[in-house]
Amino acid sequence: MKYEDADILAFISGKSKPTQVPEKSASSDKNTGPEEISGNKNEQLEHTALEHKALEHKKPEHKEPEKDLLTETSVPDSLPDFEEFPVSSAEAPTEVDPHNSLNGDSRTRSTTASTTATSTLSDKDELAFELFDDYDSEPSRASPSLDEAFGIVTTGIEPLEITHSGATITGYIASARRSEIRLGTYVVVPYEGGEKLFARVGKLQYRQEFAVDDATEIHSRRMLNARANPVNEADYKFLACLDPLCILYRKKAESALTRRMADRIPRPNTPILPVTDRLEVQTGLNIPEEGVFLGHLSVGGELVKTHSEPETVAYYLRNDYLMGDPLIFRHMLVCGSTGTGKTFLSKNILRQFMTEDNRYRLRNSQDKARKNPCLVIMDPQDEYSQIFEDNETLTEEDKFGFESENVTYGRVQSTKAFVAKVEGQKYPGDKSRAEQVEFTIPFSLVEHNSWLIAAAGMSELQYIGLEVLLGDFFKSSVPHTYRNFINHIENEGTRSYYVDSNRIHESSYDGIVRRVSSRFFSKVFDRDATPITDLLDKIFKSGQISVFPTEYISSPRIRDLIVLTIMSLIVDNKLNTTGVDAIKETPIILALDEAHRYLSKANGEHARLIISRFADAARQGRKEALGLFLITQDPQDIDDTVIKQINTKLILNLNNDAAISSLKVPKEYERRVPYLKKGQMIIHSPDNSDIVEILGLSNCVVRHR
């Protein structure tokens, strides 16, 4: 054992270090006296005792397994105790018996040895310590808020650093607050002058307090045998690495709180404080103070609590014109696996748009007046007509909580269900008492939307031939019905005319006839009900919710045809300069459940044309007051041209790696998506806030069964 090691051990343990022995030649080692041998033995015992002390705070009750492993080391029956902090010399005894250094009271031994070691060092000793000023012993003048500090900013691990590309800010977390820290916890670090660094915990780690090798067989056996007396957590450093988000400041004491990029570095030993002011959280994360309510801010599934009233932090979506158009017209996506609460969440969000005060302006309107939106919902499960009904399970406490955070609740009386009449199918209509209006799809809509009857497998030449046939048919004087069109193209004279004139190739003509002469088309077109084109004023009405249920229809092809018809009506009239006034002059929010069925990646001419139309609608929706609210469990199947136009993404639990990666969220959030609980979601809305985690409401604001 080297002299320096012994000296360090003596300093840590408070024991007297061995008296320095002059160097001797190798031959003189044989003549070492008994006293020197005894000193070396004590030195070995002391070293062994220190190792035991660093590895266990309390001696395990059962030591039998250790004896076999330590047969070569002589260890006294009772290990010496060590003081955690040195005792001042004024309290130490003036005499010491060096021969009893391993016996008697540990406190007396430690303080006595410390005094002896100090008194025996001369000015010429090689390891003399410089004197330093005592710490200020006056009472702390810190504000009461410092009592809540998680810990302090430290340079004891890594230097404090901030650059344009990132920062290294490490905090030591006190043992009493370690259980409160989570990955993603929001904190503030004060600067002098009133500014604050707003940060998020980006990494947590333990480091050893002492240089001890705990990856040994001896240590593992001791810990396993000492289950009733686990390792003291205070023996380890618990560190939190902070990711700076911004700096919070006020230009003047009475001015509004604002934020700027993190361009200052906090001082060492500055306290790390929890965020207790709701305004600081909203400003730090760039969350608006009002708008459309989406949920409450959370970290790891736990609500973020503040000292404000109410204590939770509401997450709002920008819904005004202060920074451009409302974000709903830059489109929203709700995605999650089956059973994660997509419909429940969507009801709560969509209800917030249907308030009397929520109005949008139309750019082409002559009077520049603002109007309530019309909410059009494609409902494959027949659940959204329940918005007509109150949630009878809400308590007065629930209602008070909603009102305190401007959450709109209660039924929308202007909810109507528009039901397509289909041969052999009947809508039960037992989910709500909302008014039901029956309609049929007239074949005349196909004139400008030939893709409504174009089968998915139709080739490009066949599609061109179909448009030629439809164009000539709608120029004829016969009633423009589906049955008349089929009779027209099945006529042998018509076939000869197009084939012999080489307008349509023979094989292409026969393929067109086979594909459009389908039984399911006749079940939908021109049924005994009011044509939907005659109901546009009733469907697209300001302040109304128009629900199109399709659950009662057994054929997926018929369901798709109905949904695509409604979508084409909206898109055509919104994008064309001469659209129907009921659609053109009404703000519309189109909620499309199972969106991947209608906006899937283009596979053939039929799908390509659909995607092209709705990609245009997504791009121009902002200026035409058309907002898409897409709901899906397979976001990876939605075409990229549409996904790129979506500004706000609400991501619930997903287990499909392809679905998660298609959402283009930061990697640290991608890893969390499969572990989100029901109602827990991640919101990625770059124009609204930083990416955050929120919890949706635990109760539905309308009926949900």
Side-chain angles (χ1 to χ4, degrees), residues 1-15 17 40-86 102 106 110 150-152 154-159 168-185 201-242 300 667-668 671 675:
M1 180 174 185
K2 295 183 179 180
Y3 174 84
E4 291 83 352
D5 295 336
D7 194 55
I8 293 172
L9 293 174
F11 176 75
I12 296 175
S13 64
K15 290 184 174 298
K17 66 180 182 180
N40 292 336
K41 184 176 181 180
N42 287 341
E43 202 173 277
Q44 295 174 356
L45 292 175
E46 181 178 345
H47 186 206
T48 305
L50 180 62
E51 287 183 341
H52 281 247
K53 210 52 182 168
L55 294 173
E56 58 178 359
H57 287 281
K58 188 174 180 180
K59 186 177 179 181
E61 295 180 6
H62 303 288
K63 304 293 288 185
E64 290 302 327
E66 296 178 27
K67 292 181 180 180
D68 296 337
L69 297 170
L70 301 174
T71 53
E72 297 181 3
T73 306
S74 176
V75 183
D77 293 337
S78 62
L79 299 176
D81 296 327
F82 299 98
E83 287 296 319
E84 186 176 355
F85 300 99
L102 297 178
S106 62
S110 177
F150 290 122
I152 61 170
T154 178
T155 58
I157 305 299
E158 294 178 348
T168 302
I169 302 176
T170 305
Y172 175 83
I173 306 303
S175 58
R177 305 299 302 275
R178 294 179 179 182
S179 61
E180 303 173 39
I181 289 287
R182 296 285 188 276
L183 202 63
T185 298
V201 175
K203 182 170 69 174
L204 296 171
Q205 65 177 199
Y206 274 111
R207 290 201 181 186
Q208 290 181 338
E209 180 73 26
F210 309 105
V212 176
D213 183 4
D214 60 359
T216 64
E217 184 67 18
I218 295 175
H219 183 77
S220 65
R221 290 193 178 220
R222 285 177 178 167
M223 293 301 101
L224 293 173
N225 291 334
R227 286 186 294 269
N229 183 28
V231 175
N232 188 348
E233 192 184 23
D235 285 349
Y236 296 85
K237 298 175 182 178
F238 187 69
L239 306 175
C241 299
L242 307 184
K667 290 294 183 182
E668 60 267 27
R671 291 191 290 268
Y675 302 98

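- Here Ile152 contributes atom CD1 and Thr170 contributes atom OG1; the two are 11.5 Å apart, rounded to the nearest 0.5 Å.
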Would you please test Phe150 and Val201 for side-chain contact (heavy atoms from CB on, under 4.5 Å) and show each step? CA-CA 12 Å; Phe150 290 122; Val201 175; over 6 Å; no

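- One distance of note links CD1 of Ile157 with NZ of Lys237; it measures 4.0 Å at 0.5 Å rounding.
- Atoms SG and CG, on Cys241 and Leu183 in that order, are 10.5 Å from each other to the nearest 0.5 Å.
- Not a single ring pair (Phe, Tyr, Trp, His ring centres under 6.0 Å) links Tyr675 to another residue, sequence neighbours left out.
- How far CZ of Arg177 is from CD1 of Ile181: 7.5 Å, rounded to the nearest 0.5 Å.
- Within the 4.5 Å cutoff, the side chain of Tyr206 has heavy atoms near those of the Arg178 side chain.
- What you find for Glu180 and Thr185 is that their closest heavy atoms are O-OG1, 4.3 Å.
- Taking both residues in full, the closest heavy atoms of Arg207 and Glu158 are given as NH2-OE2, 4.0 Å, listed atom of the first, atom of the second, then distance.
- Heavy atoms only, all atoms of each residue included: Leu204 and Arg182 are closest at CD1-C, 4.1 Å.
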